[in-house]
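The structure appears below as structure tokens.
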Amino acid sequence: MPELPEVETMVRQLRPRLVGRTVTSAAVHWPRTVARPSARRFREGVSGRRIEALGRRGKYFLFDFDDGRSLVGHLRMSGRLFLVEPGEQDRRAEHTRASFDLDDGRRLVFVDVRKFGRLALVRRPEEAMPALGPEPLSPELDGAWMATALRSRRRMLKPLLLDQSFLAGLGNIYVDESLHRAGLHPLRLSDRVPRAKAEALAAAIREVLTAAIEADGSSFDTFYRTPEGQPGRFQDTFMVYGRHGKPCRTCGATIRRIVVGQRGTHLCPRCQSAPRNRR
DNA sequence: CAAGACTCCTGACGGC
DNA sequence: TGCCGTCAGGAGTCTT
């Protein structure tokens, strides 16, 4: 699913083609896609506005307009942004939830099969985003930060790393990959992670996300494609995600799949030794 | 404060 | 062949 690397890839590919463009008109085909304001005011609000910058915060993407307002969006499970060339058929019209005509003749379309994705037009981006934790790739996210942050809570690592108010941008795939790389079991309690392991986790997250971005993200199912229409390549290097029953690429033990917090969770029982939390 | 259940959605897939 | 139940998952909300 789209996580930080996929959103970052999308923003990077769209940025050179969208900055400086003006939205001439917009349409909303599935009203619930627009979180705020109303679909009508959203349409009217973006029309005539020039895009000055594209950004990302966690898994959110942001368009800054020339009137100071911002379009804040989230892809959730199956959302994607594409550019449709002039005269080109929108092959995904069936699942297009919103579209934006641009002054260069292109059309930006928000496609979202499962309808979980959301768009908002706001004065300040914070109005459309909950309180988010730090960016995993920012300099402050070092071993010291992780050690302190883990100690300040008492939660299982898997749900904690999925919590966007703790750290912004990780989803199911990259949490599993990061925990495996750090040699940490997803059920381990955060305040029982040794200092050295906390540092290893900070490094693992940075390395996994960086490598994923370099590979244009992950495309393990039929959904995710970059705006250029290409699949990502990081799925080819998954160590645990979706590999249950297969041998660990590090030690050869059989990868297991368990459920934690209603989420499929993949781990190597040898590389990630089971915790003895028990209160 | 932590964690589990439930919800929103649709397509894919296994079973019969 | 085709119908049906189940699953997947980001994140908000409610309950335990």
Side-chain angles (χ1 to χ4, degrees), chain A residues 1-8 10 28-36 56-61 72-81 91-98 110-120 125-133 136 149-179 185-193 209 212 217-225 231-232 234-235 238 240-245 257-267 275 277-279:
Chain A
M1 305 300 127
E3 304 179 29
L4 187 154
E6 290 74 35
V7 179
E8 180 65 25
M10 181 185 84
V28 176
H29 306 102
W30 180 256
R32 294 185 65 179
T33 292
V34 176
R36 59 189 294 182
R56 176 192 62 73
R57 175 78 174 97
K59 302 176 194 173
Y60 290 83
F61 56 89
V72 180
H74 199 300
L75 302 172
R76 290 290 181 88
M77 301 298 301
S78 60
R80 291 138 70 178
L81 284 175
R91 312 189 307 278
R92 314 169 192 84
E94 183 188 354
H95 297 127
T96 295
R97 310 306 179 193
F110 182 70
V111 177
D112 184 20
V113 171
R114 293 184 187 171
K115 299 178 176 174
F116 289 163
R118 291 293 180 265
L119 304 176
E126 307 80 65
E127 297 172 37
M129 297 187 287
L132 297 174
L150 292 184
R151 268 202 314 272
S152 72
R153 318 231 190 162
R154 186 183 184 80
R155 293 182 62 184
M156 295 188 293
L157 290 177
K158 169 85 183 215
L160 179 60
L161 293 175
L162 284 175
D163 184 341
Q164 303 298 297
S165 70
F166 177 76
L167 194 57
L170 296 181
N172 210 37
I173 295 173
Y174 297 108
V175 167
D176 284 5
E177 292 296 315
S178 297
L179 287 173
H185 196 286
L187 296 180
R188 181 175 290 272
L189 290 178
S190 58
D191 64 349
R192 301 199 48 168
V193 174
L209 294 180
S218 305
S219 305
F220 63 93
D221 60 20
T222 57
F223 291 128
Y224 176 72
R225 289 292 183 280
F234 192 68
Q235 68 281 2
F238 284 168
V240 288
Y241 189 81
R243 296 195 68 245
H244 43 295
R257 180 183 185 279
I258 61 177
V259 175
V260 185
Q262 290 84 243
R263 292 289 179 282
T265 299
H266 311 76
L267 65 110
N277 294 328
R278 309 313 157 216
R279 92 192 89 263

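We name chains A, B, ... by the order of the sequence lines, and we start the count at 1 in each one.
Note on R257(A): a side-chain N or O is less than 4.0 Å away from OP1 or OP2 of dA8(C).
A salt bridge is absent between E6(A) and K59(A); no separation between the charged side-chain nitrogens and carboxylate oxygens falls under 4.0 Å.
Between H185(A) atom NE2 and L157(A) atom CG the span is 10.0 Å, to the nearest 0.5 Å. In this structure, CZ in R114(A) is found 12.0 Å from CZ in R97(A), a value given to the nearest 0.5 Å. Taken to the nearest 0.5 Å, the CG atom of L75(A) stands 11.5 Å off from the CD atom of E3(A).
In this structure, CE of M77(A) is placed 14 Å from P of dG12(C), rounded to the nearest angstrom. Rounding to whole angstrom units, CG of residue D112(A) and P of dG10(C) are separated by 14 Å. Rounded to a whole Å, the CE atom of M129(A) is 15 Å from the C1' atom of dA11(C). Computed from coordinates, the L75(A) CG to dC9(B) C1' distance equals 16 Å when rounded to whole Å. Rounding to whole angstrom units, CD of residue E94(A) and C1' of dG11(B) are separated by 11 Å. The distance from atom CZ of R80(A) to atom C1' of dG10(C) is 17 Å, rounded to the nearest whole Å. In this entry the distance linking CG of L132(A) with C1' of dA11(C) reads 11 Å, nearest Å. One atom, CG of L162(A), and another, P of dG9(C), lie 10 Å apart when rounded to the nearest Å.
Every ring-ring contact (aromatic ring centres under 6.0 Å, His included) that Y60(A) has, sequence neighbours left out, goes to H74(A). Among residues two or more places apart in sequence or in another chain, the salt bridge (charged side-chain N to carboxylate O under 4.0 Å, His left out) test is passed with R118(A) by none. For F110(A), there are no ring-ring contact (aromatic ring centres under 6.0 Å, His included) partners two or more places apart in sequence or in a different chain. Applying the ring-ring contact (aromatic ring centres under 6.0 Å, His included) rule to H29(A) yields no partners; only residues at least two apart in sequence or on another chain are considered.
A donor-acceptor pair under 3.5 Å links the side-chain atoms of S152(A) to the main chain of A149(A), judged by distance alone.
The listed nucleotides are dT10(B), dA11(C), dA8(C); the one nearest the side chain of Y241(A) is dA8(C).
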- Query: Which letters describe nucleotides 1-8 of chain B, given B = protein heavy atom under 4.0 Å from base, S = only from sugar-phosphate, - = neither?
  - Reply: -SSSB--B

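The end-to-end axis angle of the helix from dA2(B)-dT16(C) to dC16(B)-dG2(C), rounded to 10 degrees and based on five pairs per end, is 50°.
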